[in-house]
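Everything below concerns the one structure shown next.
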Amino acid sequence: MTEMLEHQAIGRGPARRDGVRKVTGTAPYAYEHPVENPAFCHPVQSTVGRGRITAIDTSAALALDGVLAVLTPDDAERLANTDDAELAVLQTHEVAFRGQIIGAAVAETSEVARQAADLVAVTYDQAPHDVVLSDSRDDLYRPDAVNGGFPTDSNEGDIEAALAAAEVTVTQTYTTAMYHQNPLEPHTTTARSEDGVLTLWDSTQGVHPVRKAVAKVLGLEPDAVHVVCPYVGGAFGSKGQLKANTVLAAMAARAVPGRSVRLALTRQQMFDVAGYRTPTIQHVTLAANRDGTLTGIAHDVVEQTARIKEFAEQTAVSTRSLYAAPNRRTSHRLAALDVGVPSWMRAPGECPGMFGTEVAMDELAQELGMDPVELRVVNDTEIDPDSGKPFSSRNLVACLREGAQRFGWADRDPAPRSRREGNQLVGTGVASSVYPVYRMPKSTATVRFSGGRYVAEIGAADLGTGTWTSLAQIAADALGADLASVEVRIGDTRYPEASVAGGSSGMTTWGSAVVEAARAFRAKFGADPSDGDEVEAAVQANPATDDYAMFAFGAHFVEARVDADTGEVRVPRMLGVFAAGKIINARLARSQFLGGMTMGLSMALHETSVMDPRFGHVVNHDLAEYHITANADVGEIDVGWLDEHDPHVNAMGSKGIGEIGIVGAAAAVSNAVHHATGVRVRELPITLDKLLG
Ligand code: MOS
C-alpha cells in the first residue's frame, strides 16, 4: 500500500495559476511564441481519395514574391525513419486518402504561403477509393491488439448457450458516428532549426513524447530536439500522438535554416490530418434472469482504421469489467479504408463502447419491467470479471444511489411516454460510467529550493485541465509547505521526462513523481533547506496493479424534453456523480466533469462528421457545419462526487478525471429520450428525423 499524503492543499479549489495569463491573452500558445522575423508554412493537400502523383509543377508557386521554399515528394528531405506511414511526410508519390499532405509552401507571410500552396499544380493517376464502413464487408480483419495494448477479443463461458437458456434477452445494434476533436486552438507549431538544434514550440499533450517521435523520424539525437509547450488550447486526445503537421513544420524549418517557421492547420485541414474518432457499429447481446441478474454479455464491435496505419479503438474493453456475468464475449474487427488515421479522442474505447452497453442495459430494464438503476445495482461486482482481481475501490452503486436521490429519480413513472407538459414529452434516463486508472511506466520530477521558494519541475502538460495548479497542490502537500511557496514548471523538454497527458493518467503519473521527489527532498534536506538544494526522483508503474483492478466509476442522470410535433430534443438537466478517488482541486475537477458531460451531450445530439463517399472526405469540415453543443443547448449541469478513499492508486488517492465525464453521457441522453417518447434511438446522433414517423 502506498504511503498516503496528508491533504492540506489537495482537496481545496485554488484558482488556475495560469488563469490571468490566459484571459489577458499573455499566455503564449505555440503559434504565438515570440520569434524574430517568422516565416509561414501552408500544406498542399491531395484532392483525390487514392492514387499516385504523376507530376508536380511548382514553378508558379516559386515565382510568387515572398516564397522561400516549396516542398514536394520530388525533393523534400528523406526522413530517417518511415515505419509510421502517417509521419512519413512527403516520402512517397502514393496518395492514401483525400486531404493527405503532399506538399508545402514556405513564405514570408501566411497569405503568400497559402497562395503559393494553391498554385502548386498536381496531376494524379487516380485510383478508386473506398471509405464506407459497414459490418457486412468481407474484408473485416482482427487486429493483433487494440488501443492500450488490450487483447482484441475475450471469451469466457458460452454466450450462445446463455442466450438460449435466458429468460430475457436483448440483442441490438448500436452505432456511433465519426467525430472530430475540434479543440479551439488548432494544431500549431513554431519550428526553428539552428546550430544543430531543432526547437519546436508545439501544441501537444506531451513535450517528451513529441521529442522522442520527431527525433526518430528525422534521425536526430533526442538532445538535439527541444520541445516547448506551456499552454494548450484544448486537445481532447488529438494532440496526444505526433501527427503529420508537426513533422511538416520541422521539415519546413530545416528547409530554411535559422528562420522560425509557423504552421497552423486551418479548421478544415484539421478534419483531414489531425485525427478523429472512428465510427463504430456495436452488436450488444444481454442475457438475464427475470430478477435482472445478467447471465451473459457480449459486445462485438466493427470499426475503421486507415489503410496506411492501424488504430484499433478498444470500444468493447470496458464492457469486460463493468458488470458481472458468467458468460462473456467481446470482439473488435476493423475495416482498413482510404481515410485519415483515427486516433485518441476523449475516452477512446469507453466513450463509444458505453453508448452500446448502457443503452442495451436500459432496453433490458424495460424488458424486465425493472428500474434501470436497480438493474445496474443487481449486477454490481466486487471482483473485476475480466482480470479476476478485486477492485481497489468501486463505488458505482453509491454513485447511482446518490445520483438517484439528488436527481429526484424516485418520482419517476417507469412507463415510456407517460409524462407530457404542453407540447413536450418529458423523460429521464440513467447510465453508468467507468474509466480505468492508468499510471504511465515512468515519469521524473525535480524539486529544488531557490530564492526562498520550492520549485518543482517536470515536463508535464496542461491541456486546459489545470496541471499548473493541481501539481503545485500536490507538491505543497508532499513538502508540507504552503501552496504559495511552491512554484511548478512544466511543458518543456528541459525539465525531467514526463509521460503523455493521455488516458487521464497525468495527475496519477506526474503527481506520483512530484511526491517522490518532494519526499526525497525532505528526507535529504529537512524542513529548512538552503538555496540550491535539489533532488530528482522517478516513479515507475504502480506495482499494486498486480493485485487490484483500478477504475473510476460514475452515474449520469438526464432529463430530456422532446417536442411532440417536431422531435426537437432539449436537455434541461444533467447530473453526473463520480467516484474518482481523492479530488485534487475541486474547482478544476468540476470543470473537467462538466466539460466531459457537455461533450457527451454534444455526441448525443449534435456531433457527426459526414463522410462523402464520392470524394472520400468529411463534407461538414468546419464549425459552421460540424455542430457542437453550444451554450444555448446546455441546461443545468449538476456535478457531484463521492469522498472516495483509495489507498492503492497513488499517494494522492486520486484516479484521474479528464475522461470519465463523457463516458455514458450519450447513453443517458438516449435513454431519457426513449423514456420521453417511447422511441429507441440506437444510432447517434439523436436527430429529430429519428424521432418522427
Ligand atoms: Mo486522452 S483521449 O487518452 O489523450
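Counting starts at 1 for both ligands and their atoms, following the listed order. Side-chain atoms are counted along with the backbone in the values below, which use heavy atoms only and exclude waters and symmetry mates.
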message: When you compare the side chain of Arg142 with that of His332, does any pair of heavy atoms fall below 4.5 Å?
response: no
message: Using a plain distance cutoff, I'd like to know if Gly502 has any nitrogen or oxygen under 3.5 Å from a nitrogen or oxygen of ligand 1.
response: no
query: Only one of Thr189, Thr190, Thr188 clears side-chain hydrogen bond (donor to acceptor under 3.5 Å, both in side chains) with Arg262; which?
result: Thr190
task: For the residue pair Tyr438 and Phe150, categorise the inter-ring angle as parallel (less than 30°), tilted (30 to 60°) or perpendicular (more than 60°).
output: tilted
task: Run the contact test for Lys239 against ligand 1 with a 4.0 Å cut-off on heavy atoms, strictly below, and give the result.
output: no
task: Heavy-atom contacts with Trp344 under 4.0 Å: which atoms of ligand 1 show up? List them by number with element.
output: 2 (S), 4 (O)
field: Close approach, Ala501 and ligand 1, non-hydrogen under 4.0 angstrom
entry: yes
Distance filter under 4.0 Å to Pro348 heavy atoms, resulting ligand 1 atoms: 2 (S)
query: Gly240: heavy atom below 4.0 Å from ligand 1, yes or no?
result: no
query: Should the ring pair Tyr231 and Tyr29 be called parallel, tilted or perpendicular, given that the plane angle runs from 0 to 90° and is split at 30 and 60?
result: tilted
Arg394 charged N/C atom sitting above Phe553 aromatic ring, 6.0 Å / 45°: yes
- prompt: Between Thr545 and Asn542, is any side-chain donor less than 3.5 angstrom from a side-chain acceptor?
  reply: no
- request: Please identify which atoms of ligand 1 are closer than 4.0 Å to at least one heavy atom of Gly503.
  value: 1 (Mo), 3 (O)
Distance filter under 4.0 Å to Arg346 heavy atoms, resulting ligand 1 atoms: 2 (S)
field: Enumerated ligand 1 atoms positioned under 4.0 Å from heavy atoms of Glu659
entry: 1 (Mo), 2 (S), 3 (O)
message: Taking the six-membered ring for Trp, are Phe271 and Tyr626 closer than 6.0 Å centroid to centroid?
response: yes
query: Under 4.0 Å from ligand 1, counting heavy atoms only, is it the side chain of Gln205, its backbone, both or neither?
result: side chain
- prompt: Under 4.0 Å from any heavy atom of Met345, which atoms of ligand 1 are there?
  reply: 2 (S)
- prompt: Is the centre of the Phe578 ring less than 6.0 Å from the centre of the Phe593 ring?
  reply: yes
